[in-house]
Protein chains: 2
Amino acid sequence: MGESLTIGELAKLGKVNLETIRYYEQQGLIPKPPRLSSGYRSFPADAVNRVRFIKQAQELGFSLREVKELLDLQVNPDSTGADVKQRADAKLADIEEKIKILQAMKKSLMNLTATCNGKSSIGDCPIIKSLNSDKG
Amino acid sequence: MGESLTIGELAKLGKVNLETIRYYEQQGLIPKPPRLSSGYRSFPADAVNRVRFIKQAQELGFSLREVKELLDLQVNPDSTGADVKQRADAKLADIEEKIKILQAMKKSLMNLTATCNGKSSIGDCPIIKSLNSDKG
DNA sequence: CTTGACCCCGTATCTATCTACGGGGTTTAT
DNA sequence: ATAAACCCCGTAGATAGATACGGGGTCAAG
């Protein structure tokens with residue numbers, strides 16, 4: 001353990017473009033890594049996890065700004081525990097909301113595949129309807 | 001019921017910009033509405049649900065292209081049930097994956113708030129680590 | 001029958017998130 | 001010690017998803 005990575009290695013392991021790494025660094029999503037005497041970046045091995053986390057969170061509909069907020073929850077050591085808790089709770093609410101909606105979508109889709117299980121025409125199976133339950 | 005909406009009303013009810021409605025129509029996410037003699041669009045009342053669905057799905061990380069695929073599941077009447085089922089199952093897998101990741105994030109966050117419950121400094125509560133369980 | 005709010009369309013502009021380019025140093029394998 | 005492969009930086013270009021602009025019709029109230 002404790003291997004360090006070049007930007008290219010990190011990009012490959014994180015399954016993103018090399019330029020994306022530089023972009024994330026610029027945006028403060030990845031801490032600025034130390035440099036070798038050559039000027040090359042030298043990333044710690046666990047930077048891979050951070051890159052993947054960013055990508056996954058994005059796929060869940062979080063903007064990079066929001067991802068940064070999530071990451072800052074664990075990084076910011078000068079914020080009080082209470083402050084962190086408050087922000088974490090807000091994120092938690094976001095997450096729970098997403099889960100709820102996804103579960104409603106899942107239910108509708110399962111209903112759709114059950115209803116239209118291999119033959120009948122569909123017309124208007126209620127994918128949309130099962131959302132929009134109550135929120136405004 | 002059966003009221004029809006102007007584009008402006010639809011935008012307001014759907015909580016999006018008016019231009020966004022035209023954009024969605026252009027992109028095939030909203031069916032082209034009939035026009036009044038004036039040329040004004042006349043949307044059915046339930047277009048609101050569609051707009052909201054689109055927004056919600058986006059917040060869950062689906063691109064507009066993917067949203068369209070979801071919507072087409074219910075609209076396309078000339079696809080066989082089996083075809084629809086296959087595509088629905090694919091979407092279902094996407095959704096379940098998202099739910100899984102969100103649940104992992106939720107767990108980590110809850111752990112974080114529990115651990116750092118109002119006082120201790122945090123340092124490196126494992127938000128990131130609990131993701132990246134196994135997928136590649 | 002005018003005024004303000006609303007709609008039309010086409011086109012241009014904006015933001016977020018990358019991705020590519022170009023000219024140059026560095027490392028590595030032969 | 002040289003060629004391939006990699007990295008640096010700054011800047012430009014690409015893509016998705018809106019948003020805005022501008023010149024002009026339309027509708028409803030007074």
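By convention in this document, chain letters (A, B, ...) are assigned in the order of the sequence lines, proteins followed by strands, and residues within each chain are numbered from 1. This one's a predicted model, so the numbers in the text were calculated from it and none came from an experiment.
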Tell me whether B:E59 is salt-bridged to A:K98, with the criterion being a basic N under 4.0 Å from an acidic carboxylate O. no

Would you indicate what B:L18 reaches in the nucleic acid, counting non-hydrogen atoms under 4.0 angstrom: base, sugar-phosphate, or nothing? sugar-phosphate

Rounded distance (Å) that lies between atom P of C:dT17 and atom CD1 of A:I54: 11 Å

Excluding sequence neighbours, so at least two apart, what forms salt bridge (Lys or Arg N to Asp or Glu O under 4.0 Å) with B:E19? B:R22

Within this structure, what is the CD1-to-C1' distance between A:I7 and C:dC18, rounded to whole angstrom? 13 Å

Counterpart residues, side-chain hydrogen bond (donor to acceptor under 3.5 Å, both in side chains), relative to A:N17 (two or more places apart): none

Tell me, for nucleotides 19-26 of chain D in 5' to 3' order, what letter each nucleotide earns: B for a base near a protein heavy atom under 4.0 Å, S for only sugar-phosphate near one, - for neither? BB----BB

Should B:V51 and B:T20 count as side-chain neighbours, where that means a heavy-atom distance under 4.5 Å? no

Tell me every residue that passes side-chain hydrogen bond (donor to acceptor under 3.5 Å, both in side chains) with B:E25, counting only those two or more places apart in sequence or in another chain. B:R41

Measure from CD on A:E25 to C1' on D:dC9 and round the result to the nearest Å. 12 Å

Tell me: CG of B:L5 to C1' of C:dC7, nearest whole Å? 14 Å

Between B:R35 and C:dC9, is there a side-chain N or O to OP1/OP2 distance below 4.0 Å? yes

From CD1 of B:I21 across to P of C:dC9 the rounded distance in Å is 14 Å

Tell me every residue that passes side-chain hydrogen bond (donor to acceptor under 3.5 Å, both in side chains) with B:S42, counting only those two or more places apart in sequence or in another chain. B:S4

Of A:E9 and B:S63, the one whose nearest nucleotide on DNA chain D sits closer to the 5' end is A:E9

Any side-chain N or O of A:R41 less than 4.0 Å from the OP1 or OP2 oxygen of D:dC7? no

Could you go through nucleotides 28-30 of chain D and list every protein N or O atom that sits under 3.5 Å from one of its N or O atoms, giving the distance for each pair?
none

Would A:L10 end up clustered with A:L36 when hydrophobic side chains under 4.5 Å apart are linked, directly or stepwise? no

Rounded off to whole Å, could you give me the CG-to-P distance for the A:L64 and D:dA16 pair? 17 Å

Reference residue B:K91; test side chain to side chain donor-acceptor pair (under 3.5 Å); the match among B:E96, B:E66, B:E69: B:E69

For A:K68 and C:dA16, what is the distance between atoms NZ and P respectively, to the nearest whole Å? 14 Å

Would you say C:dC6 has OP1 or OP2 under 4.0 Å from some side-chain N or O of B:T6? no

Counting just side-chain N and O atoms, does A:Q26 come under 4.0 Å of either OP1 or OP2 of C:dT17? no

Using a 4.0 Å heavy-atom cut-off across all strands, classify A:L36 as base, sugar-phosphate, or nothing. nothing

Should the pair B:D46-B:R50 be classified as a salt bridge under the 4.0 Å nitrogen-to-oxygen rule? no

With rounding to the nearest 0.5 Å, note down the distance linking CD1 in B:I30 to CD1 in B:I54. 5.0 Å

Can you find a side chain N or O atom of B:Q58 that sits less than 4.0 Å from OP1 or OP2 on D:dA18? yes

Rounded interatomic separation in angstrom, taking CG from A:L29 and P from C:dA16: 13 Å

